[in-house]
2 protein chains.
Amino acid sequence: MPALSSQPPKRQILEHFAGIARVLGHAHRLEIIEQLAQGERAVEGIATRLGQSVANTSQHLQLMRRAGLLSARRDGKRVLYRLAGTDVIDVVSALRRLGEAHLAEVRAVMEGYFHSKDDMEPVRRDELAARLGAGDVTLLDLRPEDEFIAGHLPGALNIPLDQLEVRLAELPENREIVAYCRGPYCVLSFEAVAVLRARGIGARRLEDGFPEWCAASLPVEHGMSTP
Amino acid sequence: MPALSSQPPKRQILEHFAGIARVLGHAHRLEIIEQLAQGERAVEGIATRLGQSVANTSQHLQLMRRAGLLSARRDGKRVLYRLAGTDVIDVVSALRRLGEAHLAEVRAVMEGYFHSKDDMEPVRRDELAARLGAGDVTLLDLRPEDEFIAGHLPGALNIPLDQLEVRLAELPENREIVAYCRGPYCVLSFEAVAVLRARGIGARRLEDGFPEWCAASLPVEHGMSTP
DNA sequence: TCATCATTCAATAATTCAATTGAATGAATG
DNA sequence: CATTCATTCAATTGAATTATTGAATGATGA
């Protein structure tokens with residue numbers, strides 16, 4: 001809670017933005033956001049996933065709620081938290097990009113974690129466009145269905161992120177999966193790649209998203225998916 | 001400098017991202033980034049603009065440099081700092097959007113600062129498309145010249161942000177100015193509106209940027225500007 | 001109503017962070 | 001070579017955060 005003293009208004013506003021950044025400045029809270037990006041969760045569920053006490057998790061959740069990152073609703077005995085909006089995801093994914101780009105230590109950890117460096121590198125737009133013709137790539141669109149219908153990459157399969165775990169069977173085997181979403185700052189494709197990798201399914205993400213693909217005058221399809 | 005203990009790799013990575021967020025979690029540092037978004041600056045110049053001591057500013061700068069947000073070069077006696085990359089701007093502008101959207105207090109301060117609420121609200125894409133025909137709007141493209149040449153909104157004037165202050169005379173008077181840049185998460189248009197307002201020039205920014213305009217199948221021009 | 005369960009609050013101790021002060025580099029100029 | 005000036009370092013103080021503990025809400029169901 002930043003102090004609202006009699007400072008110039010610009011400074012006051014920056015103080016608020018800095019307050020939000022401080023709220024994001026804790027690994028547990030970033031992990032909570034990652035959880036909630038996939039849907040509503042109760043306090044205890046989050047706490048066990050984090051391996052932290054319920055009281056501690058509750059305080060983190062409330063801090064984020066006060067900062068406007070989360071909202072909560074009561075369902076019987078439980079209090080279900082969810083992200084206040086997609087712009088929370090936007091900040092976290094921009095943060096992730098920045099961290100990946102500039103922090104050498106992160107790259108080192110990642111290269112130790114994933115088998116090869118290529119696995120983690122995003123697919124470039126031109127590379128993808130060239131490989132689409134060959135037909136050995138499955139495109140996975142993680143946006144909500146209405147956005148998908150309004151326009152998507154040719155031949156893409158639409159599975160919104162929150163349904164990914166239950167619809168894994170729809171993914172063809174033995175084809176490389178390239179995930180994409182709203183744009184380079186959207187975290188949906190990051191999350192999807194993480195989910196797929198956790199199940200041993202090879203997947204990479206597109207460097208940017210649908211708007212940029214469009215802007216590059218590459219082919220676009222409209223309407224429902226026809227599998 | 002987050003601890004790199006023997007934690008699961010995912011936790012280690014989140015720890016690093018959180019560290020970056022903490023570095024952003026201070027109003028002075030956000031203000032430094034705002035300064036450096038306009039170009040290289042020496043330590044003392046930044047310090048005087050912030051109204052802080054040189055020693056203190058130097059420490060903030062070094063903290064940001066260690067976090068990978070800034071880089072520095074020596075020029076004679078002075079050390080010139082600059083942003084390490086545009087992704088720093090991306091995070092700050094995503095943060096800004098989040099703060100503006102969710103923090104009621106920020107809105108209150110803004111409404112007290114600017115004359116009317118409308119002044120601060122971005123121009124929606126469809127609204128702009130409709131008004132382009134009438135010809136009472138000057139479009140201002142703040143991206144670097146090469147990006148402008150590759151494609152821009154019809155009739156737009158290209159003044160990269162770092163040249164804005166010296167090229168103010170090129171702006172026509174008595175027309176509303178709408179600034180745009182790379183996308184909704186790019187801070188260039190935010191900065192431009194701030195610069196213009198500080199000189200009493202009415203300006204608003206486009207809700208999103210060039211890729212989204214393209215994605216919406218709206219008209220696009222290529223090549224140099226022809227004033 | 002009472003007991004139960006999930007969540008929240010309040011108080012504490014350990015850690016981390018911010019700004020100040022004064023001294024120490026390190027390049028440029030006479 | 002010594003001086004000057006911009007920047008950095010080191011040490012201190014005061015403030016803010018984090019995780020823990022145990023008690024207090026507040027809704028549910030017997």
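Below, chains carry the letters A, B, ... as their sequence lines are ordered, and counting in each starts from 1. In what follows, every heavy atom counts, from backbone to side chain, and hydrogens, waters and symmetry copies are set aside. Being a predicted model, the structure only gives us computed values, none of them experimental.
Between the P atom of dA18(C) and the CD atom of E15(A) lies a distance of 12 Å, rounded to the nearest Å. Atom P of nucleotide dT4(C) and atom CZ of R78(A) are separated by 18 Å, given to the nearest angstrom. Atom CZ of R41(A) is separated from atom C1' of dT7(C) by 18 Å (rounded to the nearest Å). In this structure, the NE2 atom of H28(A) is 11 Å from the P atom of dT18(D), given to the nearest Å. For the pair R22(B) CZ and dA16(D) C1', the computed distance is 13 Å after rounding to whole Å. Here dA19(D) presents its C1' atom at 15 Å from CD of Q62(A), a figure rounded to the nearest Å. When rounded to the nearest whole Å, the span between CG of L80(B) and P of dA6(D) equals 13 Å. Whole-Å rounding puts the H60(A) NE2 to dC9(C) P distance at 15 Å.
Between S58(B) and the phosphate of dT7(D), there is no side-chain N or O to OP1/OP2 separation shorter than 4.0 Å. Note on Y81(B): a side-chain N or O is less than 4.0 Å away from OP1 or OP2 of dT8(D).
Comparing dA18(C), dT18(D), dT8(D) against the side chain of V79(B) picks out dT8(D) as the nearest.
A search for side-chain hydrogen bond (donor to acceptor under 3.5 Å, both in side chains) contacts involving E145(A) returns nothing, not counting sequence neighbours. Taking the salt bridge (charged side-chain N to carboxylate O under 4.0 Å, His left out) definition, one finds that R143(B) meets it with D141(B), sequence neighbours left out. Here R78(A) pairs with nothing under the salt bridge (charged side-chain N to carboxylate O under 4.0 Å, His left out) rule; sequence neighbours left out. Legend: residues meeting side-chain hydrogen bond (donor to acceptor under 3.5 Å, both in side chains) with R167(A), ordered by chain and number and at least two apart, are Q163(A), E170(A). Residues passing the side-chain hydrogen bond (donor to acceptor under 3.5 Å, both in side chains) test with N56(B) are H60(B), sequence neighbours excluded. For the side-chain hydrogen bond (donor to acceptor under 3.5 Å, both in side chains) test, residues two or more places apart in sequence or in another chain that qualify with E165(A) are R199(A).
Taking the centre and axis of the six-membered ring of Y180(B), the NZ or CZ atom of R205(B) falls outside the cone set by 45° and 6.0 Å.
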inquiry  = Generate the contact string for nucleotides 21-30 of chain C. Rules: B means base contact, S means sugar-phosphate contact only, - means no protein heavy atom under 4.0 Å.
reply    = B-----SS--

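Ring geometry for F148(A) versus H152(A): interplanar angle under 30°, hence parallel rather than tilted (30 to 60°).
Less than 4.0 Å separates DNA chain D from at least one heavy atom of each of the following residues of residues 44-51 of chain B: E44(B).
Among the atoms of the strands shown, none is found under 4.0 Å from any heavy atom of R65(A).
For residues 32-48 of chain A, every residue pair satisfying the salt bridge (charged side-chain N to carboxylate O under 4.0 Å, His left out) rule, not counting sequence neighbours, is listed here: E34(A)-R96(A), E34(A)-K10(B), E40(A)-R73(A), E40(A)-R82(A).
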